[in-house]
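Here's the structure we're looking at; comments come further down.
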Amino acid sequence: VAYMALLIALVKPLGWYMARIYEGEPAGLNQWLGGLERGLYRLLGTSEREEMNWKTYTLAMLLFNLLGFLFVYLLQRGQSVAPLNPQALGSVAPDSSFNTAISFVTNTNWQGYGGESTMSHLVQMAALTVQNFVSAATGMAILVALVRGFRQRQLPTIGNFWVDLVRSVLYVLLPLSLLLAIFLVSQGVVQTFESSVTIPNLDASTAASPAGAGRTLALGPVASQVAIKQLGTNGGGYFNANGAHPFENPTPFSNLLQLVAILLLP
């Protein structure tokens, strides 16, 4: 009951905020970060005044996601020589790299690997976490374009993909993820650049066993990835067990927050 009440209570204020963001109307955050937003448009060679028809909108979306696929694939293949790899993990196999790149770009996030034993910090952050943002933002942009298509059937344009993408990330996904990540860290979700920690065995009689030195627990920038994983309904977590892992979801409160995050934007 508390979960549903919290979720429903957030619908109206968040819906009002998102509607104003996509319409370019004052909503607080877009007034403070307007200069950054316009700078991103200049970098992309567009502006909020440029409208696209459905074909141009679709082409921009496909091109952006094709580049994202190539980036995620190549970063995995070059993982062994890239920085932020404290465990000295080798390059990801071609078939796994291909599967993961396609999966994360399409917001499917099917994982055929153990994240803590396969992906470096750089790949987890620059490839997987970034795609958790932009693949969700792509879906949000397409939904907004669809709504415009129903609303303004007599007009030849449905908005600008780059504008909808930037606004989705800058004003919706990033601030919500920042807040959620801070709450998750307060509950004990791991967030560090350290690679792992070894916990010594309490029983000295196990010292002769293969794991006699203790148990190695994988660490990394987890909370920042979990936040957008849930908000973007991505499913691509840091650990192989995702939200069932205690380093991703240690308390009943963290569990409630993550459950709310999954359905908050939908």
Side-chain angles (χ1 to χ4, degrees), residues 65 68-137 173-174 177-178 180-185 187-199 211 214-251 254-255 257-259 261-262:
N65 283 278
F69 159 75
L70 293 173
F71 176 76
V72 175
Y73 177 82
L74 293 173
L75 197 58
Q76 291 176 88
R77 295 294 295 134
Q79 174 176 268
S80 60
V81 296
L84 288 176
N85 186 7
Q87 293 175 280
L89 297 170
S91 297
V92 183
D95 57 343
S96 180
S97 297
F98 182 86
N99 179 78
T100 301
I102 287 288
S103 178
F104 274 75
V105 166
T106 57
N107 201 237
T108 311
N109 304 87
W110 187 86
Q111 294 174 276
Y113 58 87
E116 65 269 39
S117 59
T118 307
M119 304 294 189
S120 68
H121 291 353
L122 182 67
V123 172
Q124 292 274 19
M125 292 188 299
L128 306 188
T129 302
V130 167
Q131 278 302 317
N132 280 351
F133 275 97
V134 295
S135 65
L173 295 175
L174 267 176
S177 296
L178 180 61
L180 181 56
I182 290 171
F183 276 119
L184 292 177
V185 168
Q187 296 301 296
V189 178
V190 176
Q191 182 73 12
T192 178
F193 281 122
E194 297 295 324
S195 61
S196 61
V197 61
T198 300
I199 306 299
R215 298 295 184 269
T216 300
L217 305 178
L219 304 175
V222 179
S224 54
Q225 184 165 333
V226 171
I228 186 58
K229 174 192 81 168
Q230 306 294 38
L231 282 165
T233 61
N234 294 286
Y238 193 93
F239 295 100
N240 196 31
N242 284 346
H245 197 289
F247 284 4
E248 283 197 20
N249 192 8
T251 70
S254 73
N255 196 60
L257 290 173
Q258 292 186 44
L259 287 172
I262 290 171

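In this text, all values refer to a predicted model and were calculated from it rather than measured experimentally.
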Thr129 (side chain) donor-acceptor with Gln124 (main chain) under 3.5 angstrom: yes

Flag, side chain of His121 to backbone of Glu194, donor-acceptor distance under 3.5 Å: yes

Once rounded to the nearest 0.5 Å, what's the spacing between atom CH2 of Trp110 and atom CD1 of Ile102? 13.5 Å

Would you mind reporting whether Leu219 and Phe247 have side-chain heavy atoms less than 4.5 Å apart? yes

When Asn132 is tested against each of Val226, Asn107, Asn109 for side chain to side chain contact (heavy atoms under 4.5 Å, CB included), which residue passes? Asn109

Hey, is the main chain of Val92 close enough, under 3.5 Å, to the side chain of Gln76 for a donor-acceptor pair? no

Could you tell me whether the side chain of Met119 reaches within less than 4.5 Å of the side chain of Thr100, counting heavy atoms only? yes

For Gly188 against Pro250, the heavy-atom pair lying closest together: C-CG, 4.0 Å

In terms of heavy-atom contacts, Leu75 and Leu122 come closest through CD1-CD2, 4.0 Å

In this structure, OH of Tyr238 is separated from CE of Met125 (nearest 0.5 Å) by 8.5 Å

Determine whether the side chains of Thr108 and Ser103 contain a donor N or O and an acceptor N or O closer than 3.5 Å. no

To the nearest 0.5 Å, atom CD of Gln258 lies from atom CG of Leu231 at 9.5 Å

Would the Phe98 and Phe69 ring centres measure less than 6.0 Å apart? yes

Nearest non-hydrogen partners of Asn240 and Tyr113, listed with the distance: OD1-O, 3.0 Å

Which distance, rounded to the nearest 0.5 Å, do you find between the OG of Ser224 and the CG of Leu180? 11.0 Å

Within the 4.5 Å heavy-atom criterion, are Arg77 and Pro94 side-chain neighbours or not? yes

Grab the two heavy atoms, one from Gln191 and one from Val222, that are nearest each other, plus how far apart they are. OE1-N, 3.3 Å

Rounded distance (nearest 0.5 Å) linking atom CD of Gln79 with atom CD of Gln87: 9.5 Å

Please give me the minimum heavy-atom distance between Leu184 and Ser254, naming the atom from each residue. CD2-CB, 4.0 Å

What distance do Ile228 atom CD1 and Asn234 atom CG have between them, rounded to the nearest 0.5 Å? 6.0 Å

Between Glu248 and Ala244 (side chain of the first, backbone of the second, donor and acceptor by atom type, cut-off under 3.5 Å), is there such a pair? no

Which atoms form the tightest heavy-atom contact between Leu173 and Ser177, and what is the distance? O-OG, 2.7 Å

Taking the side chain from Asn242 and the backbone from Gly237, do they hold a donor-acceptor pair closer than 3.5 Å? yes

